[in-house]
Amino acid sequence: KNTKILWIDAHADIHIHSTSSSKNLHGMPLGILLGLDGINKPLIKPEQIIYLGIRDIDSAEEKFIQNLGITRFPMKKIIDSGIQDILKQIDKKIGKNPIHVSFDIDVMDNSLVPGTGTPVKIGLNLNELGDIEKWLKKKRDNMMTFDLVEINPLLDRNDRTLKLGARILNNIFL
């Protein structure tokens, strides 16, 4: 119940079937976990979620996020305030609570990750990623689970995205 969910992603993934134009399930996990579909029982609460790096959201997702009061640090805020300030704010929100981290590689600037199916411009740069990696390494005792998603080797060029994914895992867990 105290677990915080740090959703590091270009997308909010809070759709439900009726609001999604693509009907892709990978755009619905938080909507389903929150029970927004009216079918599934809520398994998490909005106050558990912290978005980092979102920037490609549509009006339905925006409405959900605003109505539910979900904490978010979009790319514009990262650019304006700096990643260090944002990480301090997230640290205060998390406190000593356990964390689930979902890291979607498309949070990175599209120029850095050719091997993802949903690239988005104006994402995290390598310096910001380095700061996030260091911060997450310090939070490992709080981290219950971590997932790294949306790396597609079939779309990659010279294994750039795959190598970046390996870097993330190495810098946090080794």
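Numbers here are sequence positions counted from 1. Quick caveat: nothing in here was measured; it's all calculated off a predicted structure.
More than 12 heavy atoms of other residues, nucleotides or ligands lie within 6.0 Å of NZ in Lys23, so this atom counts as buried by the packing criterion. More than 12 heavy atoms of other residues, nucleotides or ligands lie within 6.0 Å of NZ in Lys137, so this atom counts as buried by the packing criterion. Taking a 6.0 Å sphere around CG of Asn158, one finds it holds 12 or fewer heavy atoms contributed by other residues, nucleotides or ligands. Atom NZ of Lys77 has 12 or fewer neighbouring heavy atoms from other residues, nucleotides or ligands inside a 6.0 Å radius.
A donor-acceptor contact shorter than 3.5 Å links the side chain of Asn170 to the backbone of Ala166. Proximity of a side-chain donor or acceptor of Asn97 to a complementary backbone N or O of Ile94 within less than 3.5 Å is detected. Between the side chain of Asn142 and the backbone N or O of Lys96, at least one donor-acceptor pair lies under 3.5 Å. Between the side chain of Arg72 and the backbone N or O of Gln66, no donor-acceptor pair lies under 3.5 Å.
Nearest heavy atom pair, residue Phe173 against residue Met143, reads CZ-SD, 3.7 Å. Taking all atoms of both residues into account, the shortest heavy-atom contact from Lys139 to Gly95 is NZ-O, 3.5 Å. Across every non-hydrogen atom of His26 and Pro29, the tightest pair is O-CD, 3.4 Å. Nearest heavy atom pair, residue Phe73 against residue Gln89, reads CE2-OE1, 3.3 Å. The nearest pair of heavy atoms linking Met144 to Pro98 is SD-CB, 3.2 Å.
Counting heavy atoms from C-beta on, the side chains of Pro74 and Arg55 never come closer than 4.5 Å. Counting heavy atoms from C-beta on, the side chains of Arg140 and Leu136 never come closer than 4.5 Å. Here the side chains of Glu128 and Met75 are in contact, with some heavy-atom distance below 4.5 Å. Side chains of Ile99 and Thr145 form no contact here, defined as non-hydrogen atoms less than 4.5 Å apart. Between Thr71 and Ile49 there is no side-chain heavy-atom pair separated by less than 4.5 Å. Here the side chains of Lys138 and Trp135 are not in contact, with every heavy-atom distance at 4.5 Å or above. Residues Asn127 and Ile83 fail the side-chain proximity criterion, which asks for heavy atoms closer than 4.5 Å.
By the 4.0 Å N-to-carboxylate-O rule, Arg160 lies too far from Asp156 to be salt-bridged with it. Here Glu47 does not pair with Lys93 in a salt bridge; the nearest charged N to carboxylate O distance is not below 4.0 Å. Of the charged side-chain nitrogens involved, at least one lies within less than 4.0 Å of a carboxylate oxygen, so that Arg167 and Glu133 count as a salt-bridged pair.
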Side-chain donor-acceptor distances from residues 9-17 under 3.5 Å, at least two apart:
unit_1	atom_1	unit_2	atom_2	d
Asp9	OD1	His11	N	2.9
Asp9	OD2	Trp7	NE1	3.3
His11	ND1	Asp106	OD2	3.0
His11	NE2	Asp56	OD2	3.1
Asp13	OD2	Trp7	NE1	3.4
His15	ND1	Thr19	O	3.2
His15	ND1	Thr19	OG1	2.7
His15	NE2	Asp58	OD1	3.4
His15	NE2	Asp58	OD2	2.8

query = Under the side chain to side chain contact (heavy atoms under 4.5 Å, CB included) criterion, do Ile86 and Leu52 qualify, and how do the steps go?
reply = CA-CA 9 Å; Ile86 300 299; Leu52 179 63; 3.7 Å; yes
request  = Begin from the C-alpha positions of Val149 and Ile105 and carry the test side chain to side chain contact (heavy atoms under 4.5 Å, CB included) through to its verdict.
outcome  = CA-CA 6 Å; Val149 299; Ile105 203 74; over 6 Å; no
query = Step by step, would you call Asp109 with Asn125 a side chain to side chain contact (heavy atoms under 4.5 Å, CB included)?
reply = CA-CA 6 Å; Asp109 187 78; Asn125 63 41; 6.0 Å; no
task = Verify side chain to side chain contact (heavy atoms under 4.5 Å, CB included) between Asn171 and Ile168, making sure each step is shown before the conclusion.
result = CA-CA 5 Å; Asn171 286 344; Ile168 292 166; over 6 Å; no
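By the criterion of side-chain heavy atoms lying less than 4.5 angstrom apart, applied directly or through intervening Ile, Leu, Val, Met, Phe, Trp or Tyr residues, Leu34 is not grouped with Leu25; the two fall into different hydrophobic clusters. A single hydrophobic cluster is seen to contain both Ile5 and Leu43, as judged by linkage of ILVMFWY side chains at heavy-atom distances under 4.5 Å, directly or through other members. Ile54 and Leu124 end up in different hydrophobic clusters when Ile, Leu, Val, Met, Phe, Trp and Tyr side chains are linked at under 4.5 Å. Ile151 and Val120 fall into different hydrophobic clusters, defined by Ile, Leu, Val, Met, Phe, Trp and Tyr side-chain heavy atoms under 4.5 Å apart, directly or through other members. Residues Met108 and Ile122 share a single hydrophobic cluster, defined by chaining ILVMFWY side chains whose heavy atoms lie under 4.5 Å apart.
With values rounded to the nearest 0.5 angstrom, Gln48 atom CD is found 10.5 Å from Ile70 atom CD1. With rounding to the nearest 0.5 angstrom, the CG atom of Asp159 is 12.0 Å from the CG atom of Leu164. Atom CD in Glu150 sits 9.0 Å away from atom OG in Ser102 (nearest 0.5 Å). How far CE of Met28 is from CG of Leu33: 13.0 Å, rounded to the nearest 0.5 Å. The CZ atom of Phe146 sits 4.0 Å away from atom CD1 of Ile172, with the distance rounded to the nearest 0.5 Å. Between Thr116 atom OG1 and Asp104 atom CG the span is 6.0 Å, to the nearest 0.5 Å.
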